[in-house]
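Quick notes on the structure that follows.
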Protein chains: 2
Amino acid sequence: MTDHGSAEHVLAALADPTRRRLLDLLAARGEATATVLAAELPVTRQAVVKHLAALDRVGLVAGHRRGREMRYRVLPERLSATARWMDQVAAQWDSRLSAIKRIAEGGS
Amino acid sequence: MTDHGSAEHVLAALADPTRRRLLDLLAARGEATATVLAAELPVTRQAVVKHLAALDRVGLVAGHRRGREMRYRVLPERLSATARWMDQVAAQWDSRLSAIKRIAEGGS
DNA sequence: ATTATGTGCAACTCTGAAGTTGCACATAAT
DNA sequence: ATTATGTGCAACTTCAGAGTTGCACATAAT
């Protein structure tokens with residue numbers, strides 16, 4: 001149920017350090033299975049599987065079967081979209097603050 | 001101990017929905033106290049205080065005394081910096097993936 | 001056919017963090 | 001001086017999710 005829209009959920013997914021390491025490993029390899037990834041992390045395969053499921057839910061990774069194994073790859077679009085969203089929010093804060101400042105100064 | 005550097009911690013701070021609403025309220029007002037903010041949220045003042053402390057730790061807000069009250073304001077720089085960082089990571093993923101694709105195709 | 005390797009599901013533990021309540025202290029207001 | 005409003009600290013409860021183990025099932029390999 002790949003949750004489209006809402007950068008909020010992407011943030012929650014990125015909040016976990018293990019998940020971030022996972023994404024880096026995936027990005028470096030282009031494609032990998034949960035078993036391979038678990039070998040390079042201090043957690044079990046099952047933990048990796050759950051993390052991949054979480055990342056899939058928010059659209060940061062996608063998986064497809066290859067024979068008996070399940071290969072995952074990273075989806076950069078989702079991340080860059082979230083970055084753009086975040087930048088807009090920052091800009092919004094900025095304009096709001098400068099507007100308030102203008103009123104406070106020039107005032108009457 | 002305003003944790004400078006590391007966009008990772010900013011992500012963790014932004015992961016919480018209450019914290020995001022808090023930031024929006026703050027940005028809209030320019031400045032506000034924990035008591036005022038709590039009045040507009042479904043949580044107690046104490047919860048708000050803890051959230052503000054968390055946001056302060058990662059540099060997303062800053063507080064200063066004004067008489068007997070503690071006023072907080074939002075810091076847009078931290079957010080835009082995190083957005084830039086995130087965009088760079090996305091670009092890194094992209095280049096990594098296209099490099100792998102190039103090797104897989106033309107190869108030699 | 002049998003062995004090995006990989007995936008998928010379920011039940012369980014455990015820690016961190018979100019939220020609460022209660023109270024003491026500080027600064028205004030009357 | 002007394003009352004009201006606001007902050008700060010500490011102890012407590014609750015719950016989601018990160019991680020585990022165990023086992024059943026699927027697909028290769030020999």
Side-chain angles (χ1 to χ4, degrees), chain A residues 1-3 6-26 29-74, chain B residues 1-3 6-26 29-74:
Chain A
M1 193 182 283
T2 29
D3 161 351
S6 81
E8 275 90 4
H9 296 156
V10 175
L11 292 179
L14 290 174
D16 186 86
T18 304
R19 227 128 56 195
R20 284 193 303 269
R21 286 205 60 196
L22 209 50
L23 288 169
D24 275 342
L25 289 173
L26 253 190
R29 277 164 188 65
E31 256 186 20
T33 67
T35 306
V36 168
L37 291 167
E40 312 213 22
L41 288 171
V43 295
T44 62
R45 174 184 62 91
Q46 293 302 339
V48 171
V49 169
K50 287 189 184 178
H51 282 307
L52 287 171
L55 293 169
D56 175 78
R57 257 177 259 127
V58 301
L60 281 171
V61 306
H64 66 279
R65 302 210 70 97
R66 185 78 179 189
R68 74 173 153 179
E69 58 189 17
M70 190 68 174
R71 294 191 169 174
Y72 291 89
R73 65 175 191 280
V74 96
Chain B
M1 195 187 280
T2 29
D3 163 349
S6 79
E8 274 90 2
H9 296 155
V10 175
L11 293 179
L14 290 173
D16 186 86
T18 304
R19 225 131 52 197
R20 284 194 302 268
R21 288 206 58 198
L22 209 50
L23 288 169
D24 276 342
L25 289 173
L26 253 190
R29 277 163 188 64
E31 255 186 20
T33 67
T35 305
V36 168
L37 292 168
E40 311 213 23
L41 287 171
V43 296
T44 62
R45 174 184 63 91
Q46 293 302 337
V48 171
V49 170
K50 286 189 185 178
H51 282 308
L52 287 171
L55 293 169
D56 175 77
R57 257 178 258 126
V58 301
L60 281 171
V61 307
H64 65 279
R65 301 211 72 97
R66 185 77 179 190
R68 73 171 154 182
E69 59 189 18
M70 190 69 173
R71 294 190 168 174
Y72 290 89
R73 65 174 191 280
V74 96

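This one's a predicted model, so the numbers in the text were calculated from it and none came from an experiment. Lettering follows sequence order; numbering is per chain, from 1.
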Closest approach of A:A13 and A:V58, non-hydrogen atoms and distance? CB-CG2, 3.8 Å
In short, A:D56 meets A:G63 closest at the heavy-atom pair OD1-N, 4.4 Å
Minimal non-hydrogen separation, A:A32 against A:L26, with atom names: N-CD2, 3.7 Å
Given B:L14 and A:L14, is the side chain to side chain contact (heavy atoms under 4.5 Å, CB included) satisfied, shown in steps? CA-CA 10 Å; B:L14 290 173; A:L14 290 174; over 6 Å; no
Nearest whole Å is fine: how far is C:dA18 C1' from B:R57 CZ? 12 Å
If you measure from CG on B:L52 to CG on B:L60, what distance do you get to the nearest 0.5 Å? 11.0 Å
Run the side chain to side chain contact (heavy atoms under 4.5 Å, CB included) test against A:R65 and tell me which residues pass, sequence neighbours left out. A:M70
Where each pair must be Watson-Crick or G-U wobble with both distances under 3.5 Å, what dot-bracket representation of DNA chain C is obtained, with crossing pairs in [ ] and other-strand partners as |? ||||||||||||||||||||||||||||||
Counting only heavy atoms and a strict 4.0 angstrom limit, can you tell me which residues of residues 14-25 of chain A come near DNA chain D? A:D16, A:T18, A:R19
Rounded to whole Å, the CG-P distance (A:L37 to D:dA18) equals 17 Å
Applying salt bridge (Lys or Arg N to Asp or Glu O under 4.0 Å) to B:R29 and not counting sequence neighbours gives B:E40
On DNA chain C, does the nearest nucleotide to A:Y72 precede the nearest nucleotide to B:V43 from the 5' side, or the other way round? Give the residue. A:Y72
Quiz question: going by heavy-atom distance under 3.5 Å, is there a donor-acceptor pair between the base of C:dG19 and the side chain of B:K50? yes
Could you state the atom-to-atom distance from CG of B:D56 to C1' of D:dG8 in whole Å? 15 Å
A:H51 side-chain N/O to D:dG17 phosphate OP1/OP2 under 4.0 Å: no
Please, which pairs that meet side chain to side chain donor-acceptor pair (under 3.5 Å) have at least one residue in residues 13-24 of chain B, sequence neighbours excluded? B:R19-B:H51
Looking only at heavy atoms, the pair that brings B:A15 and A:A12 closest together is CB-CA, 3.9 Å
I need the NE2-P distance between B:H9 and C:dG16, as an integer number of Å. 15 Å
Once rounded to the nearest 0.5 Å, what's the spacing between atom CG of B:L41 and atom CG of B:L22? 6.0 Å
Using a cut-off of 4.0 Å between protein heavy atoms and nucleotide atoms, how would you tag nucleotides 21-30 of chain C 5' to 3' with B, S and -? BB----BS--
What's the spacing between B:H64 NE2 and B:E69 CD if we round to 0.5 Å? 9.0 Å
